[in-house]
Amino acid sequence: MKVSTERLPESQVLLEIEVDDARVEKAKDSAYRRLASKVRVPGFRPGKAPREVLERHLGEETILHEAIDRLMPEVYKEALEQESIDPIDQAGYELVTHQPLVAKFTVPIRPTIDLGEYKALLVPREAVSVDPERVQEALDTLRHRYAIHEPVARPIAWNDIIRADVDGTVDGKPLVHEEDVEFQLIEGRPISLPGFAEALIGKRKGAEFACNIPVPDDAPTEELRGKQAHYKVHIRETKQEVLPELDDEFARQVGESFATLADLHTRVESDLREALEQEAEHHYHDEVIGKLVELASIEYPPVLVEREVDRLLRDQSSAGGPVARGGPTAREQLERYLQRMGRSEEDVRAELRPIAEQRVLRSLVLSQVAEAEDIHVEDPEIQEEIDRLTSGVSEQADEIRRLFSTDAAKESLRRSLTTKKTLDRLVAIASGEGETEEEQASATQDG
């Protein structure tokens, strides 16, 4: 067997294998015996037809293809061992010639990542500030939550709460049918279809009327676009929203811990600041990893992106829940999802590919940082994380522990914790906030 290799771009190796004729002939003889035991040849008992007779009956190519199908995995495995190639996925296969028997395999191998001067990476943090307008908006939201709804006899106006019977159709087909439904008319917030809320303004309690509303061209349901929706409406009741005054009494109504409006204001501002800080931290993490990806030199096989596309597509199509025994298969879920979206699999995969590529790049650089920084997670850390997850949820604690009792679940948790520790280390580097114990010790000795 002759083997030659050629390094290809994108972390792939071209493996060319030429199999000697004697081995091919031996494989064909084995193929003949397998086929002879399964194929009925007129005039011969099963397994007793001579090879030349079987070849005439089936065709020589059938026996050759049977031989090659069994032979190729064997020679491919031997070639990998001979050339010390460690594939990470299935290889692409091409049969070059039958005589001599030559095949080519495009083998995806492990990515190569050069992080560059990642320890010199600096990414400034943006200061977090709370806009007073956002505090006021949050307080106004609380006022709406504690508002009183009073019945009124005047014409309907914006912000009123309506109780009504609504029946809507398009081309005689039902669009909406609600009896005694309650909703609030917020200007700029569509109800059913844009324009329907506006049709209610000025009407009074007890009114029964009909109206036509055009279906917008960007409506989710394609067959309705550009048509007219016909509504029949009966106004049962109109109520106005009476907001409480923004004072100390209102603060005490919101919670016993708020003695004054100033106390409530402080809590609202604090909660907003905490949310903004968390959002800023997530954004900072994304920015740091993005800068690291730009800094690094990364080569990886395309199959990694296709795997991630598969995962994203599977997650989207199974958003309603995992595949259950007796339920639709993953493929059936995907086909239903594509039909519901009105798109082809190729189009969706093309849309997901840039997202998958970024996820692969980010995962590769984080893994390389973990290796460079010797970051790992020990078993006690996994147990600590399980204890943390179960603390304060006594009713679900046993179920959570059961879920993490398998080796696979613990390994998944280990990977998650490793990623978190790696990201923490990377953020410390990029923000200039910390050094490892080894670096601190080295700096002390140098001093």
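These numbers were taken from a predicted model, which means no experiment stands behind them.
Of the options T106, I85, V75, a side chain to side chain contact (heavy atoms under 4.5 Å, CB included) to L15 is made by I85 and by none of the others. When the options E94, E16, E6 are evaluated for a salt bridge (Lys or Arg N to Asp or Glu O under 4.0 Å) with K104, the one that passes is E16. A side chain to side chain donor-acceptor pair (under 3.5 Å) with D160 is found for exactly one of Q240, R154, H149, namely R154.
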**OP:** Quick one: do E277 and R273 satisfy side-chain contact (heavy atoms from CB on, under 4.5 Å)? Show the steps, please.
**Re:** CA-CA 6 Å; E277 287 174 348; R273 183 178 300 279; 3.5 Å; yes

**OP:** Tell me, with the steps shown, if E381 and R414 meet salt bridge (charged side-chain N to carboxylate O under 4.0 Å, His left out).
**Re:** CA-CA 9 Å; E381 294 176 87; R414 189 190 305 276; over 6 Å; no

Original post:
Would R267 and F258 satisfy side-chain contact (heavy atoms from CB on, under 4.5 Å), going step by step from the backbone distance to the final call?
Top reply: CA-CA 9 Å; R267 168 64 69 82; F258 307 121; 3.6 Å; yes

Original post:
What do the steps show when you test E373 against K119 for salt bridge (charged side-chain N to carboxylate O under 4.0 Å, His left out), and what is the final call?
Top reply: CA-CA 10 Å; E373 296 288 319; K119 290 193 175 182; 3.7 Å; yes

Subject >> Audit row: L338, V348, side-chain contact (heavy atoms from CB on, under 4.5 Å) steps and yes/no >> reply: CA-CA 8 Å; L338 294 172; V348 177; 3.8 Å; yes

**OP:** Given side-chain contact (heavy atoms from CB on, under 4.5 Å), test L139 with L246 step by step and report yes or no.
**Re:** CA-CA 8 Å; L139 289 170; L246 198 58; 4.3 Å; yes

Scan the side chains in residues 288-304 for donor-acceptor partners under 3.5 Å anywhere in the protein, sequence neighbours excluded, and list what turns up.
from, atom 1, to, atom 2, distance (Å)
E299, OE1, R7, NH2, 3.3
E299, OE1, S11, N, 3.2
Y300, OH, E357, OE2, 3.2

Only pairs under 3.5 Å count here: list side-chain donor-acceptor contacts from residues 124-137, not counting sequence neighbours, and write none if there are none.
from, atom 1, to, atom 2, distance (Å)
R125, NE, E433, OE2, 3.1
R125, NH1, E281, OE1, 2.8
D131, OD1, E133, N, 2.9
Q136, NE2, D140, OD1, 3.1

What donor-acceptor contacts under 3.5 angstrom involve side-chain atoms of residues 200-210, with partners at least two apart or in another chain?
from, atom 1, to, atom 2, distance (Å)
K203, NZ, A199, O, 3.1
R204, NH1, A153, O, 2.8

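You'll find the side chain of T169 stays beyond 4.5 Å of the side chain of L175, heavy atoms only. In this structure, I162 and I235 have side chains that are in contact, with non-hydrogen atoms separated by less than 4.5 Å. When side chains are defined from C-beta on, L142 counts as touching L264, because their heavy atoms get closer than 4.5 Å. By the 4.5 Å heavy-atom criterion applied to side chains, Y76 and V107 are counted as neighbours. Annotation: side chain of I213 is not in contact with side chain of Q228 (no heavy-atom distance under 4.5 Å). Counting heavy atoms from C-beta outward, Y146 and L243 have side chains that stay 4.5 Å or more apart. Side-chain contact check for F183 versus I161: every heavy-atom pair is 4.5 Å or farther apart. The shortest distance between side-chain heavy atoms of E411 and D407 does not fall below 4.5 Å.
Checking side-chain atoms of K421 against main-chain N and O of H376 turns up a donor-acceptor pair under 3.5 Å. Using modelled atom types, no side-chain atom of S270 and backbone atom of T266 make a donor-acceptor pair closer than 3.5 Å. In this structure, D69 contributes its side chain and E66 its backbone to no donor-acceptor pair below 3.5 Å. In this structure, the side chain of S363 does not engage the main chain of V360 through any donor-acceptor pair within 3.5 Å. Side-chain atoms of D347 never come within 3.5 Å of backbone atoms of R343 as a donor-acceptor pair (strictly under, hydrogens ignored). Without hydrogens or angle criteria, E279 side chain to L276 main chain gives no donor-acceptor distance under 3.5 Å. Remark: side-chain polar atoms of S412 are not paired, donor with acceptor, to backbone N or O of A408 under 3.5 angstrom. No donor-acceptor pair under 3.5 Å is formed between the side chain of H234 and the backbone N or O of K232. Although no hydrogens or angles enter the test, the distance criterion places a donor-acceptor pair under 3.5 Å between the side chain of D247 and the main chain of E249. One N or O on the side chain of D263 and one on the backbone of T260 form a donor-acceptor pair closer than 3.5 Å.
From D310, atom CG reaches atom CG of L334 across 9.5 Å, with rounding to the nearest 0.5 Å. If you take OG1 on T422 and CD on Q368, they are separated by 11.0 Å, rounding to the nearest 0.5 Å. Separating the CG atom in L14 from the CZ atom in F105 is a distance of 10.5 Å, to the nearest 0.5 Å. Rounding to the nearest 0.5 angstrom, the gap separating the CZ atom in F404 from the CD atom in Q383 is 11.0 Å. Expressed to the nearest 0.5 Å, how far CZ of R362 lies from CG of L423 amounts to 9.0 Å. Within the model, atoms CD of E399 and OG1 of T390 stand 12.5 Å from one another, a figure rounded to the nearest 0.5 Å.
More than 12 non-hydrogen atoms from other residues, nucleotides or ligands lie less than 6.0 angstrom from CZ of R401.
Sorted by first then second residue, the side chain to side chain donor-acceptor pair (under 3.5 Å) pairs that include residues 179-200, not counting sequence neighbours, are R163-D180, E182-K239, Q184-E241, S192-Y231.
For H144, the ring-ring contact (aromatic ring centres under 6.0 Å, His included) test picks out no residue, with sequence neighbours left out. With sequence neighbours excluded, no residue satisfies ring-ring contact (aromatic ring centres under 6.0 Å, His included) with Y337.
Taking a cutoff of 4.0 Å between a charged side-chain nitrogen and a carboxylate oxygen, R349 and E346 do not qualify as a salt bridge. For the pair R225 and D218, the salt-bridge criterion is not met [side-chain N within less than 4.0 Å of a carboxylate O]. Remark: E245 does not engage R143 in a salt bridge, criterion side-chain N to carboxylate O under 4.0 Å. For the pair K410 and D379, the salt-bridge criterion is not met [side-chain N within less than 4.0 Å of a carboxylate O]. Using a cutoff of 4.0 Å between basic side-chain nitrogens and carboxylate oxygens, R311 and E308 are scored as salt-bridged. For E345 and R331, the salt-bridge test passes: some basic side-chain N is under 4.0 Å from an acidic carboxylate O. Under the 4.0 Å criterion applied to side-chain N and carboxylate O atoms, D398 and R402 are not assigned as salt-bridge partners.
Taking the six-membered ring where the residue is Trp, H65 and H98 present perpendicular rings, their angle passing 60° and hence far from 30°.
The two residues L185 and A157 make their nearest non-hydrogen contact at CD1-O, 4.2 Å. When all heavy atoms are compared, the tightest approach of L122 to I429 is CD2-O, 3.8 Å.
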